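Heads up, the thing below is written out as structure tokens.
Predicted, not measured: the structure shown is a model, and the values here were computed from it.
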Amino acid sequence: MSRRPLPRILSNGGVQLARGREIARSAADSATDVLHPLITVSRGLRKLAATARAKWAATPKERRGPTLFLVAACVLAVALAPYGPLLALVALMGAAAWKGREKPVVRTGPDEAETARLKGLYEALVPYFSVPEDPDPLFAHGGDWARAFGDHAFDDSGRLTRLRISYPPYFTDGEAASRARIEQLLHAKSGRGREYLFDWDEEGNRLDMRVLPALPTTIAAQRFVTAPGETVLGFTDADAVQRTVPVVSSDGSEDAPAVVWRTGPRSTEPHLLAVGQPGSGTTSLLRSLALQALPHGDVLIVDGAGAGEYACLVGRDGVLGVESELSGALGSLEWASHETERRLITANRARQAGHPAPADTRRPLWILLDRPGVLGHLAAAEGRPDPQELLRVPLRHGRAAQVTVVVAEQFDTADALHEGVRAHTRARVVLGPASPEQIAGVLGAAPHTTPTPQVPPGRGYARLGTGPVLRLQVPATPDPYDDAVGDADRQAVLDLLPERRAAATVALEKVPEAAADRPGRPRTPRPARRIAAPPLGCDEGAAPRPHRPTHRGQAR
């Protein structure tokens, strides 16, 4: 079978294609020369229109009326004058031609200051990216920085915002210490006080550095669109996660990238540990988790600090108790341990009988423990067991029993956390200013960004299991009873609080006698600021429900 010849345009049409391109280029140049005056006038008209728009936008509202009246009077005077419209048109065209005579200059490279900054950064990297045995070093003193640097950008102040670095293949980019030295150097030479993201491409021997924008702090507590068993820890960068959540912020409605934490029987990270500095927002994180958990489950709160940060939740539907002293904390956590065992036994018996698990074993139970180190110190002083010892059963079997444990602690007392808490809390959060070593010690991996010394409350990092380290901004969930909180944030939290139970009471002076004089238990003096609740799970005139602790944490 004979082969068909190629078309003439593909076989010997190279000369004709080149000639056609040349003719088209010549025609375009000729048209540009002919239409140059029209292009200049059009460019000037656009600039004049932009200037007029900017002037009008800068004019105060109370002066816009007189300004508009003056302009209308001038237009009327020009229209009534002899040859007025013609002269006005000629003047407008002349002004447009003068305004559009200068073509905007497009920068194709860095200026002198930016070039000097790039040269200095190149010289600083020479000791790290060069060896004497390299015959053609990519980094050498006095070498060409353009070979190693590409895709660079600067801000208005002349500091680097984006840079791509090509380094030699023999650099040990697989070692964390080597990468940390380069990141520290780039952070120091490019400008401190900003957060940089370093993306290492070991296969291509490239390092991309860019400045990250600050995470928004305008998202307050609200009902997030999530499935049962999902909780929003906060919000992160758009390219870090694949899921967005519709939110309402002070800037309007938007879809924000959220860090979603999944709990329940199918979760691989059923429990969470949050560590931060004082005032970093760990209490706000626990308050946010409680507000998200209450519509679907029950919440038990143990406040080791005893500062009354959870007073807004006392007596609410679904809140089993808010304990702030050692006796109540031990009793509540002991009940939680027995409740976890009861759920496991009940669910196991139901499965053996071929029945679904009862509803009371499938309702999520959240145990929020804030600053257990303070309670552990008090327990050691009184010779009583540490409250963290009572978390062994909920931590070990909580996933099967629908029990979730969240522990918040500060860096100065993080050493007091028990090994069981560290082993079973696979979801980790670090809030507030912290060094890379502190962040790596809690999360198990160092972040790919440079932490900044000054951060807003609720700002930090999160890591779920063995996933990547993500930047995190916790939604604003302040104490609504705090006078220093803004009205918008206070109202956002109040709108999420469940209704108070009818039998809920708040004792500001002393504990009710009925709760303090129970038979078989000695009376324990309580501080006056302690907030007490009635027997949990009870309404006025109704019998108490089983498997619910009292306000002292005692199991019925």
Side-chain angles (χ1 to χ4, degrees), residues 221 231 233-234 261 271-294 298-314 316 318-333 335-336 365-379 386-391 394-395 398 403-418 420-422 424-425 427-432 442 457-458 460 462 474-482 493 497 527 529-531 533 549 551 553:
T231 306
L233 296 179
W261 174 39
H271 309 296
L272 182 137
L273 172 63
V275 183
Q277 300 288 354
S280 59
T282 54
T283 301
S284 297
L285 173 61
L286 264 64
R287 198 182 294 113
S288 173
L289 296 178
L291 293 178
Q292 297 183 59
L294 283 175
D298 299 326
V299 176
L300 176 63
I301 302 174
V302 177
D303 183 12
E309 294 286 343
Y310 303 94
C312 61
L313 296 170
V314 174
R316 303 284 180 175
V319 179
L320 302 182
V322 179
E323 297 293 343
S324 58
E325 61 180 36
L326 182 59
S327 299
L330 291 175
S332 298
L333 294 179
W335 171 88
L365 172 61
W366 289 69
I367 304 174
L368 307 182
L369 182 57
D370 194 357
R371 300 210 59 189
V374 178
L375 296 176
H377 180 74
L378 295 176
D386 195 322
Q388 297 184 58
E389 295 289 344
L390 301 174
L391 292 177
L395 286 171
V403 177
T404 301
V405 179
V406 180
V407 180
E409 191 54 274
Q410 295 182 2
F411 276 110
D412 53 356
T413 55
D415 296 337
L417 292 173
H418 282 204
V421 175
R422 297 175 179 270
H424 292 91
T425 52
R428 301 289 181 89
V429 172
V430 175
L431 298 180
V442 176
V474 177
T477 316
D479 182 10
Y481 297 159
D482 188 359
V493 176
L497 291 174
R529 66 178 181 178
R530 202 256 183 201
I531 300 175
H551 69 286

- prompt: Is it true that atom NE2 of His418 has more than 12 heavy atoms of other residues, nucleotides or ligands lying nearer than 6.0 Å?
  reply: yes

Minimum heavy-atom distance between Thr282 and Gly276, given as atom pair plus value: CG2-N, 3.9 Å

- prompt: Does the side chain of Val429 reach to within under 4.5 Å of the side chain of Trp261, using non-hydrogen atoms?
  reply: no

- prompt: Do any N or O atoms from the side chain of His271 and from the backbone of Leu395 form a donor-acceptor pair under 3.5 angstrom?
  reply: yes

- prompt: Is Glu409 close to Arg371 at the side-chain level, that is, under 4.5 Å between some pair of heavy atoms?
  reply: yes

query: Shortest non-hydrogen contact from Leu375 to Gly304?
result: CG-CA, 3.7 Å

- prompt: Is the closest side-chain heavy-atom distance between Val493 and Thr477 below 4.5 Å?
  reply: yes

field: Intermediate values then yes/no, side-chain contact (heavy atoms from CB on, under 4.5 Å), Leu369 and Leu391
entry: CA-CA 10 Å; Leu369 182 57; Leu391 292 177; 3.5 Å; yes

statement: Those residues at least two apart in sequence (or on a different chain) that pass salt bridge (charged side-chain N to carboxylate O under 4.0 Å, His left out) with Arg428 are none

- line: Between Gly306 and Ser324, the two heavy atoms sitting closest are CA-CB, 4.0 Å

message: How long is the straight-line distance from CG of Asp479 back to OG1 of Thr283, given to the nearest 0.5 Å?
response: 9.5 Å

statement: Between Leu417 and Pro372 the two heavy atoms that sit nearest each other are CD2-CG, 4.1 Å

message: Quick one, Leu233 and Leu289 - any side-chain contact, counting heavy atoms below 4.5 Å?
response: yes

- prompt: Do Glu309 side-chain atoms and Arg287 backbone N/O form a donor-acceptor pair below 3.5 Å?
  reply: no

message: Return the CG to CG distance between Leu368 and Leu286, rounded to the nearest 0.5 Å.
response: 5.0 Å

field: Heavy-atom check, side chain of Tyr310 versus side chain of Asp370, under 4.5 Å
entry: yes

task: Would you check if Cys312 and Leu497 make a side-chain contact, meaning some heavy-atom pair closer than 4.5 Å?
output: yes

Contact summary for Pro475 and Gly234, nearest pair of heavy atoms: CD-CA, 3.8 Å

task: State, with a plain yes or no, whether a side-chain heavy atom of Leu390 is found less than 4.5 Å away from one of Leu330.
output: yes

- request: Could you tell me which non-hydrogen atom of Ile367 sits nearest to which non-hydrogen atom of Ala336, and how far apart they are?
  value: CD1-CB, 3.5 Å

